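Numbers here are sequence positions counted from 1. As the structure is a computational prediction, the values presented were derived from the model and not from experiment.
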Amino acid sequence: MTMNLEIQIEELRAELNSVCDAAERPQIEIELELARAELAVVLAEQDGSIEAEPPF
């Protein structure tokens, strides 16, 4: 799963660097931030920093 997220992040970075439409830039930036956040959560779950289980 992390590999897919890392690939998605790289693709979004490349897309952001080549975007010409000013209206698309914020959308791509949001998608990139969401992908980065998702990757951070997955990595934290893997190393035990956080638990994915609900507290109840």
Side-chain angles (χ1 to χ4, degrees):
M1 175 152 187
T2 59
M3 183 63 99
N4 291 339
L5 285 170
E6 290 169 351
I7 291 169
Q8 181 182 7
I9 289 169
E10 288 304 315
E11 288 174 351
L12 286 167
R13 280 186 191 153
E15 189 175 348
L16 190 59
N17 287 332
S18 66
V19 70
C20 294
D21 186 0
E24 278 186 68
R25 181 170 282 283
Q27 295 170 347
I28 297 169
E29 289 172 340
I30 290 169
E31 288 181 43
L32 180 56
E33 280 304 308
L34 287 173
R36 286 178 175 157
E38 188 175 348
L39 179 60
V41 169
V42 169
L43 292 175
E45 287 174 352
Q46 287 179 353
D47 73 8
S49 299
I50 64 170
E51 291 185 28
E53 298 296 319
F56 49 89

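Sorted by first then second residue, the salt bridge (Lys or Arg N to Asp or Glu O under 4.0 Å) pairs that include residues 36-49, not counting sequence neighbours, are Glu33-Arg36.
In terms of heavy-atom proximity, Ile28 sits nearest to Leu12 at CG2-O, 3.7 Å.
One hydrophobic cluster, built from ILVMFWY side chains closer than 4.5 Å, holds both Val19 and Leu32.
Rounded to the nearest 0.5 Å, atoms CG (Leu43) and CD (Glu6) are 7.0 Å apart. Separating the CD atom in Gln27 from the CG atom in Leu16 is a distance of 11.5 Å, to the nearest 0.5 Å. In this structure, CD1 in Ile9 is found 10.5 Å from CG in Leu34, a value given to the nearest 0.5 Å.
Every side chain to side chain donor-acceptor pair (under 3.5 Å) that Glu10 has, sequence neighbours left out, goes to Arg13.
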